[in-house]
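What follows is a set of notes on a single structure, which appears directly below.
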Amino acid sequence: MYYSSGNYEAFARPKKPADVDKKSAYIVGSGLAALSAACFLVRDGQMKGKNVHILEKDSIPGGACDGYLYDGLGYVMRGGREMDNHFECMWDLFHSIPSIETEGVSVLDEYYWLNKEDPNYSLMRATMNRGEDAHTDKKFAISDKGAMEIMHLFFTPDEELYDKKITDYFSDEVLNSNFWLYWRTMFAFENWHSALEMKLYIKRFIHHIGGLPDFTALRFTKYNQYESMILPMIEYLKKFDVQFHYGTKVENVKFEISDYKKVAKSIIITKDGEESSIDLTENDLVFITNGCCTDTSCYGDQNNAPDLSKIKNGNGESWDLWKNIASQASNGEFGNPDKFCGNVDLTNWMSATIEVSDENIIKHIINICKRDPRKGKVTTGGIVTVKDSTENWYLSWTINRQPQFKSQNKNSVLVWVYALNTTKPGNFIEKAIKTCTGKEICEEWLYHIGIPTNEIEKYADKCNTTTCYMPYINAFFQPREEKDRPLVVPKESINFAFVGQFAETPRDTIFTTEYSIRTGMEAVYTLLKIDRAVPEVWGSKYDVRELLKACYYAVDKKSVDELPLTFAEKQAIKIVEKKIKGTDLEILFKESGLFK
């Protein structure tokens, strides 16, 4: 497996791999990474679909990319997905997946047209005082000291960041800035998260720093992630006769490990309460989803808080599987699941889905986001953060294009709410969000959008709110070392790979659709020796134009002569200007905005 960029490799079709007709594949899980692996197996690996087996413990596919209408409960969206125009592996795949809405076009086509015709941007990034503009005004508001702390992290070698927290590198100069409010709520970072992951994110998305304050950097699907992404992949795979085995729980994968090779020998499964084994040869490929950020999710409804009584550190089916696998490693090469699932107090947050149809509530929504959500267009353009809740629930909410579900009533609006702090009292509801009913969470949100306090309960009763507490949703952000996640294809592996958010691949960032799809692509291309490049991670961190523009946006779009520089710094700038005058470097600095 090798990387490349450009359209020479992207447009090429690989030859059929040698002996692929003699091979089979078993894929553990049916989340985005697993389904991507299946798609690459039949598309580029040209494996017979009937030889591809997807083993899923639940009755439906999708993993963390869910979005359902549950009978007797209501609509549930545990989370959402924000996409980027440089998700190279994702678009490589989805240009081949047919739309299930429009005949003759791909998922990429409809996504591209949608986001061209209705580009994303926010008109209200943050509020305070119950629905008033917090006036972040697209500014980062970072001090010179804070900017230097970010720059220091950017250039720190990865090895020095192992097991380090963000607070080991950032002081209040960063943590109290608008930049951190934008960053923390957009990506769900916490102050105690991995400094290494923070650095990887900055480098990965340096080309989008300018779009961070108003979300112009983002693109979204038409419907929820399940209907817009997962279902088209399922239909694509069914046409190849890929075999789906629902209600099949994988308990373990057993390996034979020697000094020169590692071979998956059997898969232990439970189906209908009975345990059995799938015996494997070296021609049987195994793709393992190790760990799951939505494992042990707990649901509540309008009148009931989620039952959290069964949540324990490290408890969960996906973690049990990974631990069973990791225990067989000869030298820790299958990763360290305890690093990610060992403390649920540090890895959780909670979300809610509020179904609204009341005209007065919708008027309050329009007053904040300046758009009518029933028009079918971009509404909030990303999350709206309640700035004066940062010491309480740290609440944010968003309304994506409506309807979010094809089955949704045309007069209703679905609002997604999430809270980073699950143990602190709310501003209005004076209890921790994780102990709240859906109605109480709705009341807190109604308070923050400006509904009169004496009418909040009445309006909350007019809504239907479902809730979801996710103990491991931020597990992948925990401080770690590189070895804590297994390589996509471990060294000396003959017939198995790891896929998903807890597999290790260089330069890319977890908690993205791209990471899941990339691991699936790299796994298939490596094990089948497919003679076509995997697109490399977009290299904006190597592009001097993007780096200069990022500097310009980081100082809130000021040229160097507008900055509060010391006399020595001003003199140094004059020397630089003189040295580069009349060169291409001068053009680059002027194009970035740093020089006038």
Side-chain angles (χ1 to χ4, degrees), residues 62 64-70 73-83 120 122 124-127 184-188 215 218-229 293-294 297-302 306 348-357 361-362 364-366 368-369 371 373-374 376-386 389 393-409 412-422 426 433-434 436 438-446 448-449 460 463-470 473-474 511 513:
C65 285
D66 63 341
Y68 311 121
L69 173 60
Y70 288 96
L73 189 66
Y75 288 104
V76 175
M77 298 182 289
R78 288 188 290 196
R81 297 296 178 269
E82 301 162 336
M83 267 71 72
N120 191 77
S122 169
M124 182 72 77
R125 179 59 182 85
T127 62
R184 186 179 178 188
T185 55
M186 177 178 175
F187 297 119
F215 294 128
L218 299 182
R219 289 152 180 79
F220 293 95
T221 53
K222 182 177 181 180
Y223 299 111
N224 64 82
Q225 57 207 357
Y226 181 76
E227 292 182 279
S228 287
M229 295 166 56
C293 66
T294 53
S297 293
C298 303
Y299 300 96
D301 59 25
Q302 177 79 352
N348 71 83
W349 46 260
M350 188 163 176
S351 69
T353 306
I354 305 172
E355 186 173 11
V356 176
S357 57
I361 298 176
I362 291 175
H364 279 75
I365 291 171
I366 295 172
I368 292 172
C369 65
R371 299 176 175 120
R374 296 162 299 189
K377 302 283 189 179
V378 166
T379 303
T380 58
I383 56 173
V384 179
T385 296
V386 181
S389 75
W393 287 3
Y394 211 140
L395 200 71
S396 296
W397 58 278
T398 188
I399 301 172
N400 288 330
R401 295 181 183 94
Q402 301 292 309
Q404 267 292 281
F405 290 78
K406 294 178 184 179
S407 63
Q408 187 179 331
N409 186 304
S412 73
V413 173
L414 292 180
V415 184
W416 185 75
V417 175
Y418 96 107
L420 284 170
N421 297 334
T422 59
I433 189 172
K434 67 180 183 180
C436 287
K439 177 181 175 181
E440 288 171 327
I441 294 174
C442 183
E443 287 176 330
E444 178 79 9
W445 172 70
L446 291 172
H448 286 299
I449 68 170
C463 302
N464 185 61
T465 304
T466 60
T467 69
C468 183
Y469 178 86
M470 293 164 282
I473 188 63
N474 270 348
F511 213 4
T513 52

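Position 1 is the first residue of the sequence; numbering continues from there.
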Salt bridge (Lys or Arg N to Asp or Glu O under 4.0 Å) with [X]: which residues, sequence neighbours excluded?
X: Arg81; result: none
X: Arg184; result: Glu190
X: Lys439; result: Glu457, Asp461
X: Glu443; result: none

Which pair of non-hydrogen atoms, one from [X] and one from [Y], has the smallest distance, and what is that distance?
X: Gly74; Y: Asn464; result: CA-ND2, 3.8 Å
X: Met124; Y: Ile368; result: CB-O, 3.2 Å
X: Pro373; Y: Thr379; result: CA-OG1, 3.5 Å
X: Leu395; Y: Ser389; result: N-OG, 2.8 Å
X: Leu446; Y: Ala460; result: CD1-N, 3.5 Å
X: Arg78; Y: Ser351; result: O-OG, 3.0 Å

Practice item. Applying side-chain contact (heavy atoms from CB on, under 4.5 Å), name anything that partners Pro306, two or more places apart in sequence or on another chain. Key: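 Expected list: Cys298, Leu308, Met350, Thr467, Tyr469.
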
Practice item. Sequence neighbours left out, what passes side-chain contact (heavy atoms from CB on, under 4.5 Å) with Asn120? Give chain and number order. Key: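 By the side-chain contact (heavy atoms from CB on, under 4.5 Å) rule, Asn120 matches Phe215, Leu218, Phe220, Val378.
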
Practice item. Please examine the side chains of Thr353 and Thr465, heavy atoms only from C-beta on, and report whether any two atoms are closer than 4.5 Å. Key: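 Not touching, per the 4.5 Å side-chain cut-off.
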
**Study point:** Pairwise side-chain contact, Asn474 with Asn348, heavy-atom cut-off 4.5 Å (strictly under)
**Key:**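 Sidechains of Asn348 and Asn474: no contact.
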
Can you name the ring pair (Phe, Tyr, Trp, His ring centres under 6.0 Å) partners of [X], sequence neighbours left out?
X: Phe405; answer: Tyr75
X: Tyr68; answer: Tyr70, Tyr226
X: Tyr418; answer: Trp349, Trp416

Using 0.5 Å steps for rounding, measure from the [atom1] atom of [X] to the [atom2] atom of [Y].
X: Gln404; Y: Gln225; atom1: CD; atom2: CD; value: 9.0 Å
X: Asn224; Y: Arg401; atom1: CG; atom2: CZ; value: 13.5 Å
X: Ile433; Y: Asn421; atom1: CD1; atom2: CG; value: 9.5 Å
X: His364; Y: His448; atom1: NE2; atom2: NE2; value: 14.0 Å
X: Cys442; Y: Ile361; atom1: SG; atom2: CD1; value: 6.0 Å
X: Cys293; Y: Ile473; atom1: SG; atom2: CD1; value: 4.0 Å

Holding to side chain to side chain donor-acceptor pair (under 3.5 Å), I want the full list of residues that pass it with [X], two or more places apart in sequence or in another chain.
X: Gln402; result: Gln408
X: Tyr223; result: Glu101
X: Ser396; result: Thr385

Review point. Checking side-chain contact (heavy atoms from CB on, under 4.5 Å) for the pair Ile441/Trp393: CA distance, chi angles, key distance, verdict?
Key: CA-CA 10 Å; Ile441 294 174; Trp393 287 3; 4.2 Å; yes

Exercise for review: Give me the one residue out of Val384, Thr398, Ile399 that meets side-chain contact (heavy atoms from CB on, under 4.5 Å) with Val415.
Suggested key: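 Of the listed options, the one satisfying the test is Ile399.
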
Practice item. Would you please say whether a donor-acceptor pair under 3.5 Å links the side chains of Thr380 and Arg125? Key: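 No donor-acceptor contact under 3.5 Å links the two side chains.
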
Check your understanding: Can a donor-acceptor pair be found between the side chains of Asp301 and Thr466 at a distance below 3.5 Å?
Key ->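 Per modelled atom types, Asp301 and Thr466 side chains form no pair under 3.5 Å.
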
